[in-house]
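Sequence positions, counted from 1, serve as the residue numbers for this chain.
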Amino acid sequence: MGERSQAILTSGSPLLTERHGEMVGQVPDTPMSARYGGVVRYGSVHNREVEMMREAALAFTADELPAEELPRVATEALVRGISSPSLQQLAGLPSGDVRDTADLFQQALDELGISRTAPEDAHWTFVLRYASDAVDGRADPVHAADMLCRHAQSIGFPPRLKVFELLIDTWKGPPNSRRAVEHDLRREAHRLLIETSS
């Protein structure tokens with residue numbers, strides 16, 4: 001499992017904040033209907049777990065979370081107190097069996113009342129996350145830019161993102177220019193974050 005996939009399973013959305021022991025952020029407004037037979041409770045204890053599932057859905061849509069990891073995600077959700085019929089089925093799939101994982105995962109999200117982000121929006125989310133990683137020093141700027149470009153490719157490579165591809169190609173040239181290119185990558189990532197936040 002990659003670093004990003006591991007983070008998806010162990011952390012919540014950066015949009016969440018904790019206040020007096022309660023996770024406040026983008027969580028469903030109403031509990032899951034009892035007809036699904038689930039045991040989900042949307043209180044301070046479980047908001048973090050619901051957000052973990054939302055993050056997993058986002059990552060799966062953006063090809064950051066492989067289908068083979070979905071049973072693991074389901075198992076962790078069950079352990080943390082989130083449950084639905086399809087989630088239980090998904091957790092019970094043999095390791096490496098990916099035939100039905102995507103369908104079961106989508107069904108589980110529906111049962112939990114978690115909407116799935118459109119693919120283009122999901123890829124853009126990770127474009128901006130990798131840009132943020134480069135700016136904040138959480139990732140090597142070249143690696144972050146390379147991952148950013150992978151997501152850009154999935155959405156038709158918007159012209160605004162082409163500069164990252166060009167800088168990576170330049171970085172692969174003479175070694176004595178790499179430090180300057182890394183600086184340029186951070187600068188362009190910072191510009192991108194400013195432009196998209198306005």
Side-chain angles (χ1 to χ4, degrees), residues 1-18 21-130 132-133 147-148 150-156 158:
M1 186 192 309
E3 293 179 3
R4 179 70 67 175
S5 296
Q6 183 62 41
I8 288 160
L9 301 179
T10 57
S11 65
S13 165
L15 298 178
L16 282 180
T17 57
E18 188 166 1
E22 181 177 1
M23 297 306 295
V24 179
Q26 296 181 1
V27 295
D29 295 324
T30 58
M32 183 180 70
S33 171
R35 71 175 179 273
Y36 292 126
V39 296
V40 174
R41 299 180 300 280
Y42 291 142
S44 60
V45 176
H46 291 278
N47 287 354
R48 190 193 306 268
E49 284 68 35
V50 171
E51 199 60 27
M52 183 193 77
M53 287 295 295
R54 192 187 305 278
E55 178 70 11
L58 177 70
F60 181 66
T61 302
D63 302 320
E64 281 275 334
L65 183 65
E68 307 90 80
E69 295 293 341
L70 293 179
R72 176 187 173 103
V73 172
T75 299
E76 290 207 9
L78 293 174
V79 169
R80 292 168 180 260
I82 303 296
S83 182
S84 82
S86 296
L87 199 65
Q88 293 173 13
Q89 285 184 264
L90 179 57
L93 288 180
S95 177
D97 185 355
V98 299
R99 290 172 298 177
D100 301 320
T101 54
D103 288 342
L104 281 173
F105 186 58
Q106 183 59 61
Q107 290 171 22
L109 294 175
D110 291 342
E111 291 165 2
L112 295 170
I114 298 174
S115 59
R116 191 167 174 178
T117 305
E120 182 172 357
D121 292 339
H123 284 291
W124 263 110
T125 295
F126 279 96
V127 163
L128 298 178
R129 286 186 183 183
Y130 282 115
S132 179
D133 286 349
M147 295 302 296
L148 183 157
R150 293 187 189 186
H151 286 284
Q153 187 68 43
S154 297
I155 53 178

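Under the 4.5 Å side-chain criterion, counting only non-hydrogen atoms from C-beta, Arg129 is not in contact with Met147. Within the 4.5 Å cutoff, no side-chain heavy atoms of Leu58 are placed close to those of Glu64.
No side-chain donor-acceptor contact under 3.5 Å links Ser132 to the backbone of Leu128.
Among residues two or more places apart in sequence or in another chain, the side-chain contact (heavy atoms from CB on, under 4.5 Å) test is passed with Asp100 by Leu104. Ser86 pairs by the side-chain hydrogen bond (donor to acceptor under 3.5 Å, both in side chains) definition with Gln107, Glu111, not counting sequence neighbours. Listed by chain and residue number, Ala74, Thr75, Leu78 satisfy the side-chain contact (heavy atoms from CB on, under 4.5 Å) test with Ala91 (two or more places apart in sequence, or in another chain). The side-chain contact (heavy atoms from CB on, under 4.5 Å) test applied to Gln106 returns Leu109, Asp110, Arg116, not counting sequence neighbours.
With rounding to the nearest 0.5 angstrom, the CZ atom of Arg72 is 12.0 Å from the CG atom of Leu70. Rounded to the nearest 0.5 angstrom, Glu68 CD and Thr101 OG1 are separated by 7.5 Å.
Among all heavy-atom pairs drawn from Ala152 and Val127, the shortest one is N-CG2, 4.2 Å. Summarising the geometry of Met53 relative to Ala77, their closest heavy-atom pair is SD-CB, 3.8 Å, with the distance given to 0.1 Å. Summarising the geometry of Ser83 relative to Leu112, their closest heavy-atom pair is O-CD2, 3.8 Å, with the distance given to 0.1 Å. Closest of all the heavy-atom pairs between Leu90 and Pro71 is O-CB, 3.5 Å. Nearest heavy atom pair, residue Phe60 against residue Ala102, reads CZ-CB, 3.9 Å. Scanning both residues, Ile82 and Glu49, for their nearest heavy atoms gives CG1-CB, 3.5 Å.
Glu51 has no carboxylate O lying under 4.0 Å from a charged side-chain N of Arg48, or vice versa, which leaves the two without a salt bridge.
Ring geometry for His151 against Phe126 counts as parallel: the plane angle stays under 30°, on a 0 to 90° scale with 60° as the upper cut.
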Test side chain to side chain contact (heavy atoms under 4.5 Å, CB included) on His123 and Asp63; report intermediate values, then the result. CA-CA 8 Å; His123 284 291; Asp63 302 320; 3.7 Å; yes
